[in-house]
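FYI, the numbering just counts along the sequence from 1.
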Amino acid sequence: MEKNAKSNSNSARARFDSFNTINEKPVDDISLEFFYTPHSISALAFAIAIVIYSAFVRDTDNVENNIWAGMLCCIFFFLIISVLAFPNGPFIRPHPAIWRMVFGMSVLYLLGCLFLLFQNYETVKNILYWFDPTLKEFHIDMDKEYGVNCSDVTLERIWSHVDVFALGHYLGWMFKAILMRHMGILWAISFMWEITEIAFAHLLPNFIECWWDALILDVLICNGFGIWCGLKICQILEMREYKWVSIRDIHSTTGKIKRAVLQFTPESFTSVRWLDPKCSYMRIFALCQLVLFWQISELNTFFLKHVFELPASHLLVTARLIFIGVVVAPSVRQYYSYVTDTTCKRVGTQCWVYGCIMVSEALICIKHGRELFERTQAINIVVWLIVQMLISVLCVIGCVVWNKYGLTRENSRDLSPIKNTSSPKVTFESNHNSKDD
């Protein structure tokens with residue numbers, strides 16, 4: 001009886017530790033106690049002082065300014081509560097408080113999406129006009145067209161398509177590679193996205209591209225080079241030995257500056273294995289689900305921009321992309337742990353919130369883009385879903401078989417980067433006796 005009770009207690013503790021690591025990772029090695037000591041009373045006094053100054057000192061004659069000030073004050077207080085109460089997720093660099101605020105902003109964004117979901121189209125447009133009155137002068141037909149005169153294939157024409165959006169495309173795929181760290185899955189997502197563009201081209205004119213633009217610029221150059229660079233960064237980070245020295249133990253000025261800068265780098269960088277020869281069918285299903293959700297999240301970006309008629313270079317579009325990228329980073333890590341760690345029985349809170357955001361955005365697009373979706377060709381959507389499912393399943397099963405029969409652990413690093421213990425290791429220790437520069 002005692003042995004069984006002790007075994008159950010140990011297993012429960014293991015499950016809790018596994019979930020706690022991805023939901024609220026503790027800081028084991030604290031260099032400066034001041035930045036990791038609770039300051040709840042100080043934060044309360046500071047917040048009250050800000051409210052008193054904002055409420056009684058500022059001019060309240062302008063109604064719009066009053067609304068802005070009230071909204072910013074609510075966001076300010078909510079972020080303070082986020083730092084005090086919310087989990088930081090799986091990351092602790094540069095500071096857990098940063099990731100608690102990211103979680104708080106994701107909750108605020110989710111609440112905003114739910115609010116917009118219960119408004120009509122005119123109300124949402126008026127809200128956007130209130131944020132930026134210049135949007136009244138823009139119509140989606142004014143957006144740049146890419147699928148024009150496709151037979152005119154010249155070097156000058158191809159170069160004209162290499163714009164700031166191509167750079168964003170490349171950086172986006174490099175970021176995706178750093179998150180996923182699996183070449184097979186990344187290439188499957190890249191290929192499936194081109195199929196997605198073809199399936200939804202009758203709804204989104206921006207998806208109509210020339211064949212050389214889709215195959216050469218998108219798939220080979222932007223996607224391919226971005227994936228290669230991202231995986232190369234992962235290999236470099238995985239080969240390092242992360243041995244951190246307290247900034248108080250570094251005596252040189254240069255060493256202290258370097259250590260402060262390195263605080264914005266990962267605390268550790270473990271290798272990932274989405275798939276292995278012994279993975280279960282549930283993991284294969286979960287990975288196929290992730291690939292499909294990735295496509296929906298990408299589609300939300302283009303449908304939101306099209307339905308509410310926002311230019312591609314608008315600040316709201318750019319800010320949303322950056323914000324979603326920051327939120328996705330801990331979400332993918334939590335989803336990976338939930339899928340691959342058998343002791344983790346719950347998905348992380350940041351991943352849960354992002355799932356709600358993705359669904360809310362999709363519902364907003366469907367509700368407010370009703371006229372657009374009335375032109376939907378059902379056969380395209382059905383074929384798209386079938387193809388997405390087939391490619392996802394075939395890719396995942398193919399990667400499992402490839403890892404099992406085709407490659408060894410050492411030469412399969414391109415598919416799932418693995419730490420090379422024989423490679424030279426880079427430490428983050430500074431020379432304590434070095435002189436100031």
Side-chain angles (χ1 to χ4, degrees), residues 169 172-173 176-177 179-204 206-209 211 213-216 218-220 222-224 226-228 230-231 272-303 328 331-332 335-336 338-340 347 351 354-355 358-359 361-363 365-366 373 375-407 412 414-416:
H169 201 164
W173 276 99
K176 294 171 188 174
L179 291 181
M180 294 295 295
R181 311 180 205 173
H182 194 290
M183 183 176 288
I185 298 174
L186 288 165
W187 275 109
I189 294 176
S190 174
F191 179 70
M192 290 162 63
W193 177 247
E194 298 304 320
I195 297 176
T196 300
E197 289 186 336
I198 295 174
F200 289 90
H202 65 286
L203 297 178
L204 299 173
N206 198 33
F207 280 178
I208 301 176
E209 298 176 328
W211 64 269
D213 191 359
L215 294 179
I216 299 176
D218 285 354
V219 177
L220 295 180
C222 294
N223 299 9
I227 291 172
W228 183 84
L231 293 181
V272 302
R273 290 190 68 85
W274 285 98
L275 297 165
D276 57 65
K278 297 180 180 179
C279 65
S280 64
Y281 291 103
M282 288 304 297
R283 188 191 293 194
I284 294 176
F285 174 77
L287 197 52
C288 294
Q289 181 178 267
L290 173 65
V291 173
L292 183 60
F293 286 170
W294 202 294
Q295 303 290 308
I296 295 174
S297 184
E298 296 273 9
L299 277 174
N300 288 341
T301 302
F302 291 92
F303 273 113
V328 162
S331 300
V332 170
Y335 190 80
Y336 170 78
Y338 176 71
V339 170
T340 60
V347 71
C351 184
Y354 180 71
M358 179 191 65
V359 175
E361 287 184 338
L363 293 176
C365 295
I366 295 172
F373 285 97
R375 304 197 304 266
T376 301
Q377 298 177 10
I379 186 64
N380 285 20
I381 307 303
V382 173
V383 171
W384 172 73
L385 286 172
I386 295 175
V387 171
Q388 294 285 312
M389 292 294 184
L390 287 176
I391 295 179
S392 299
V393 173
L394 291 176
C395 168
V396 173
I397 295 177
C399 290
V400 173
V401 175
W402 182 262
N403 286 338
K404 185 175 183 179
Y405 299 107
L407 296 176
S412 63
D414 287 338
L415 289 178
S416 181

Practice item. Could you pull out all residues at least two apart from Val382 that satisfy side-chain contact (heavy atoms from CB on, under 4.5 Å)? Key: Ile386
Study note, to complete from the structure: Rounded to the nearest 0.5 angstrom, the CD1-CD distance for Ile296 and Glu361 is 11.5 Å
Review point. Looking at CD of Glu194 and CG of Asp218, how far apart are the two atoms once the value is rounded to the nearest 0.5 Å?
Key: 5.0 Å
Review point. Is there a side-chain contact between Trp294 and Val332 (heavy atoms, below 4.5 Å)?
Key: yes
**Study point:** CD1-NE2 distance between Ile227 and His182, expressed to the nearest 0.5 angstrom
**Key:** 12.0 Å
Revision key, fill the gap. Partner of Phe207 under ring pair (Phe, Tyr, Trp, His ring centres under 6.0 Å), picked from Phe302, Phe303, Phe200, is Phe302
Practice item. State, to 0.1 Å, how close His169 and Cys222 come at their nearest heavy-atom pair, and which atoms those are. Key: CG-CB, 4.0 Å
Check your understanding: What distance separates Gln295 CD from Ile391 CD1, expressed to the nearest 0.5 Å?
Key -> 9.0 Å
**Study point:** Contact summary for Tyr354 and Ser331, nearest pair of heavy atoms
**Key:** CB-OG, 3.6 Å
Check your understanding: With sequence neighbours excluded, what pairs up with Gln289 under the side chain to side chain donor-acceptor pair (under 3.5 Å) test?
Key -> Tyr335
Exercise for review: Any chance you could measure Leu203, atom CG, to Ile381, atom CD1, to the nearest 0.5 Å?
Suggested key: 6.0 Å
Check your understanding: Side chains of Thr196 and Gln388: closer than 4.5 Å at any heavy-atom pair?
Key -> yes
Practice item. Specify the closest pair of heavy atoms between Val339 and Ala286, including all atoms of both residues, with the distance to one decimal. Key: CG2-CB, 3.7 Å
Exercise for review: Give the minimum heavy-atom separation between Gly230 and Ala177, together with the two atoms involved.
Suggested key: CA-CB, 3.7 Å
Using atom types as modelled, flag every donor-acceptor pair under 3.5 Å from a side chain in residues 186-193 to any protein atom, sequence neighbours excluded.
from	atom 1	to	atom 2	distance (Å)
Ser190	OG	Asn223	ND2	2.6
Trp193	NE1	Glu197	OE2	3.2

Exercise for review: Would you check if Ile185 and Val291 make a side-chain contact, meaning some heavy-atom pair closer than 4.5 Å?
Suggested key: yes
Review point. Can you name the nearest heavy-atom pair linking Leu292 to Met389, along with the distance?
Key: CD2-CE, 3.7 Å
Point to revise | For Phe373 against Cys365, the heavy-atom pair lying closest together | key: CE1-O, 3.3 Å
